[in-house]
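To start, the structure itself, in structure tokens.
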Amino acid sequence: MMTFPADFESYVRRLLGGGNDTLFLHAMEEEPPVSLRLNPFKVSTDAVGLPDFDARVPWCSEGVYLRTRPPFTFDPLLHAGCYYVQEASSMFLHRILRQYVTSPVTMLDLCAAPGGKSTVARAALPAGSLLFCNEPVRSRAAVLTENLMKYGHPDVVVSCNSPVDYHRSGLLFDVILADVPCSGEGMFRKDESTMAEWSVQNVTACSRRQRDIVSETWHCLRGGGLFIYSTCTFNTMENEENVAWIVRELGAEVLPVDVEPEWGITGSLLSGYAAPVYRFLPGKTRGEGLFVAVLRKPDEGELPTHRSSMKGKTVSRGNSARDAIALSWLKDGEAFVMHRKDDKLVAVPRAWAETYHAAESSLRIIHAGITLGTQKGKDLIPAPSLALSVSLSQSAFPRVSLTYGQAMSYLRRETVTLSTDTPRGFVLLTFNGIPIGWAKHLGNRTNNLYPQEWRVKSSHIPQHYHPIITI
């Protein structure tokens, strides 16, 4: 039986009351629902089979609930980016963006790791939008980069910066998501260790830090732009009281989101505060704890996006023979421009190349567009980002279809034996028709090029494949 901090349980009973407190505390001891979200850029959501399907997530067209929790780690299609394992409440961002964003925008996901909400946003945003995904902590930024590369959409920039850095950059965004660090009450049933860090003092400290983050980031939002504030906690200090502060101090307008009563989403729990806010409570909604408010910045005019960093810069257009070959690896190479970063060759969509270079001058950019390959001697070794990109021209390389056992050996970064008639050189490895990575076939042996830091570490691999999705 879960033992909650006494102050937390007392607060919840005062906050909810009327029997809802007992319902909530009981639900917190149950197993959380299992859900995933399909990647519409890699699989057709209408054509995918789901052997363990239970129900659709009503606020996200790509989200589904499963009846049981399968061993996701052992599914090559997860590592190929065909779907993302995500709790359903977080998918509510899809509903918000589809309601309020109807034309291309530039969006910033400020505290983005591990990448769940970033991939929700990338699927929900109109074509032609550019998404910046930021994570201040370097180790978490690496995980964010991996997940965005696997998702495969080229109109993405990943950075590792503080909100202050973004303020100083001069870049402006039409939409900002601030899923701010919080006291984590909504994570208690997924990770009981988070309860040991909870205290009333920590709640107060989190609330102050959240206001600081919002204050810095508010300057990066265009007039009339959307600011989406969210936490994974329940108390009103980090939620309604902060939203009221944003309205009072920054002049924001709180916007309503279209929801259905049967979804069980709870509104404001702060006495006397009736603004449209959305709280997901275990026991009432089928998902984890989440609080969301959508705010609009007053349209008072703004400075143009910072461009001074572009002076003297040139953008490579892929003029060299090697660059031209690399661009031929893409479905529409003319839509990209080339950029060399250290020993890596990066393809940035031409439509936002200037924005990328302006950002690069003041931010720590760790991934953008598609990393095509790494220069090693005379060879340009194709990068994992290219294999997993939806912009890859799969006809540019020999393809080799792997069995389940071969695919899992590859993902564990073990030796994979390919047929003797496999062409020599770089080959694209696929599973069920979906690319999972590269190998270099040398005739008598094959070099596994899967990233060491991504490898599946489990020593136990099922003998048979039990598909979680079927294509």
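Note: hydrogens, waters and symmetry copies are ignored here, and every other heavy atom, side chains too, is used. Note that the numbering runs from 1 along the sequence shown for the chain.
- The structure places CZ of Phe291 at 9.0 Å from CG of Leu269, a figure rounded to the nearest 0.5 Å.
- Under the 3.5 Å distance criterion, the side-chain polar atoms of Asp342 are left unmatched by any main-chain donor or acceptor of Lys344.
- Distance alone, capped at 3.5 Å, is enough to place a donor-acceptor pair between the Ser199 side chain and the Asn202 backbone.
- In this structure, Lys150 contributes its side chain and Cys82 its backbone to no donor-acceptor pair below 3.5 Å.
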(message) Using the rule given for side chain to side chain contact (heavy atoms under 4.5 Å, CB included), can you reason through Arg455 versus Leu411, listing the C-alpha separation, both sets of side-chain angles and the distance that settles it, and then say yes or no?
(response) CA-CA 5 Å; Arg455 68 183 178 89; Leu411 294 170; over 6 Å; no
(message) With side-chain hydrogen bond (donor to acceptor under 3.5 Å, both in side chains) as the criterion, how do Asp52 and Thr68 come out once you've worked through the C-alpha distance, each side chain's angles and the decisive distance to 0.1 Å?
(response) CA-CA 7 Å; Asp52 201 32; Thr68 58; 2.7 Å; yes
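- In this structure the side chain of Leu66 reaches within 4.5 angstrom of the side chain of Phe72, judged on heavy atoms.
- In plain terms, the two heavy atoms of Asn242 and Ser207 that are nearest each other are OD1-OG, 3.3 Å.
- The number of heavy atoms from other shown groups lying within 6.0 Å of CZ (Arg248) is above 12.
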(request) Would you sort out whether Asp155 and Leu125 count as a side chain to side chain contact (heavy atoms under 4.5 Å, CB included), showing the intermediate values? (result) CA-CA 11 Å; Asp155 290 330; Leu125 290 172; over 6 Å; no
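- Put simply, the side chain of Arg37 never gets that close to the backbone of Glu62: no donor and acceptor are under 3.5 Å apart.
- If you look at His466 and Phe74, their ring centroids are not closer than 6.0 Å.
- Between atom CG of residue Leu221 and atom CG of residue Leu226 there is a gap of 7.5 Å, rounded to the nearest 0.5 Å.
- Looking only at side-chain heavy atoms (C-beta outward), Thr73 and Lys457 stay at 4.5 Å or farther from each other.
- Exactly one of Asn20, Val12, Leu16 qualifies for a side-chain contact (heavy atoms from CB on, under 4.5 Å) with Leu281. That residue is Leu16.
- Here the CG atom belonging to Asp46 is positioned 10.0 Å from the CG atom belonging to Leu38, to the nearest 0.5 angstrom.
- Note that CE of Met408 and NE2 of His79 are 5.5 Å apart. Values are rounded to the nearest 0.5 Å.
- The minimum heavy-atom distance linking Ser385 with Met149 is given by the pair CB-SD, 4.0 Å.
- Summarising the geometry of Cys111 relative to Asp179, their closest heavy-atom pair is CB-O, 3.4 Å, with the distance given to 0.1 Å.
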(request) Carefully, step by step, assess Tyr278 and Ser268 under the rule side-chain hydrogen bond (donor to acceptor under 3.5 Å, both in side chains). (result) CA-CA 7 Å; Tyr278 304 89; Ser268 174; over 6 Å; no
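- Of the possible donor and acceptor atoms, one in the side chain of Gln99 sits under 3.5 Å from a partner among the backbone N and O of Asp258.
- For the pair Glu288 and Ser89, the tightest heavy-atom approach, listed with the atom from each and the gap, is O-OG, 2.7 Å.
- Residues Phe280 and Phe92 bring their aromatic ring centres within 6.0 Å.
- A tilted orientation is assigned to the rings of Phe4 and Phe8, their planes being inclined by 30° to 60°.
- In terms of modelled atom types and a separation under 3.5 Å, the side chain of Glu240 and the main chain of Tyr273 share no donor-acceptor contact.
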(request) Would you sort out whether Ser10 and Arg14 count as a side-chain hydrogen bond (donor to acceptor under 3.5 Å, both in side chains), showing the intermediate values? (result) CA-CA 6 Å; Ser10 175; Arg14 293 196 309 273; 3.0 Å; yes
(message) I'd like to know whether Thr231 forms a side-chain hydrogen bond (donor to acceptor under 3.5 Å, both in side chains) with Asn239, so could you lay out the CA-CA distance, the side-chain angles of the two residues, the decisive distance to 0.1 Å, and finally the verdict.
(response) CA-CA 7 Å; Thr231 74; Asn239 294 326; 2.7 Å; yes
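- Note that the CD1 atom of Ile469 and the CG atom of Asn39 stand 9.5 Å from one another [nearest 0.5 Å].
- In this structure, CE on Met28 lies 6.5 Å from CZ on Phe188, to the nearest 0.5 angstrom.
- Proximity of Leu330 to Leu386: side-chain heavy atoms (C-beta onward) are separated by under 4.5 Å at one or more points.
- Listed for the His167 side chain is no donor-acceptor partner under 3.5 Å among the backbone atoms of Ser215.
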(request) Start with the C-alpha gap between Val348 and Phe336, add the side-chain angles, then the distance that decides, and say whether side chain to side chain contact (heavy atoms under 4.5 Å, CB included) holds. (result) CA-CA 5 Å; Val348 173; Phe336 294 83; 5.9 Å; no
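- Taking the six-membered ring wherever Trp is involved, the centroid distance between the rings of Tyr465 and Phe431 falls below 6.0 Å.
- The closest side-chain heavy-atom distance from Leu388 to Lys42 is below 4.5 Å.
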(request) Show your working on side chain to side chain contact (heavy atoms under 4.5 Å, CB included) between Ser391 and His153 and close with a plain yes or no. (result) CA-CA 8 Å; Ser391 297; His153 199 291; over 6 Å; no
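- In the model, Tyr151 has no side-chain atom that pairs as donor or acceptor with a side-chain atom of Ser118 under 3.5 Å.
- Salt-bridge annotation for Asp54 and Arg286: present, with a side-chain N of the basic residue lying under 4.0 Å from a carboxylate O of the acidic one.
- Considering every non-hydrogen atom in both Ser35 and Ala88, the closest pair reads OG-N, 3.1 Å.
- A heavy-atom distance below 4.5 Å is not found between the side chains of Arg95 and Cys60.
- The distance between the ring centers of Tyr410 and Trp438 does not fall below 6.0 angstrom.
- Using a 4.0 Å cut-off between charged side-chain N and carboxylate O, Lys297 and Glu253 make no salt bridge.
- Heavy atoms from other residues, nucleotides or ligands lying under 6.0 Å from CD of Glu260 number more than 12.
- Taking the six-membered ring where the residue is Trp, the centroids of Phe173 and Phe132 are separated by under 6.0 Å.
- Between Trp245 and Glu241, every side-chain heavy-atom pair lies at or beyond the 4.5 Å cut-off.
- Proximity of Pro114 to Leu144: side-chain heavy atoms (C-beta onward) are nowhere separated by under 4.5 Å.
- In terms of heavy atoms, Arg412 sits closest to Ser458 at NE-O, 3.4 Å.
- Electrostatic pairing of Glu135 and Arg140 counts as a salt bridge here, judged by a charged N lying under 4.0 Å from a carboxylate O.
- Side-chain atoms of Gln210 never come within 3.5 Å of backbone atoms of Val180 as a donor-acceptor pair (strictly under, hydrogens ignored).
- Residues Ile468 and Leu78 fail the side-chain proximity criterion, which asks for heavy atoms closer than 4.5 Å.
- For Arg209, the CZ atom counts as loosely surrounded, since its 6.0 Å shell holds 12 or fewer non-hydrogen atoms of other residues, nucleotides or ligands.
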(request) Decide ring pair (Phe, Tyr, Trp, His ring centres under 6.0 Å) for Tyr65 and Phe53; before the verdict, give the C-alpha distance in whole Å, the side-chain angles of both, and the deciding distance to 0.1 Å. (result) CA-CA 6 Å; Tyr65 293 103; Phe53 174 81; 9.2 Å; no
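- A donor-acceptor pair under 3.5 Å is absent between the side-chain atoms of Glu185 and the main chain of Cys232, judged by distance alone.
- Ring geometry, Phe227 versus Trp218: the interplanar angle falls from 30° to 60°, so the pair is classed tilted.
- Side-chain atoms of Ser129 never come within 3.5 Å of backbone atoms of Thr106 as a donor-acceptor pair (strictly under, hydrogens ignored).
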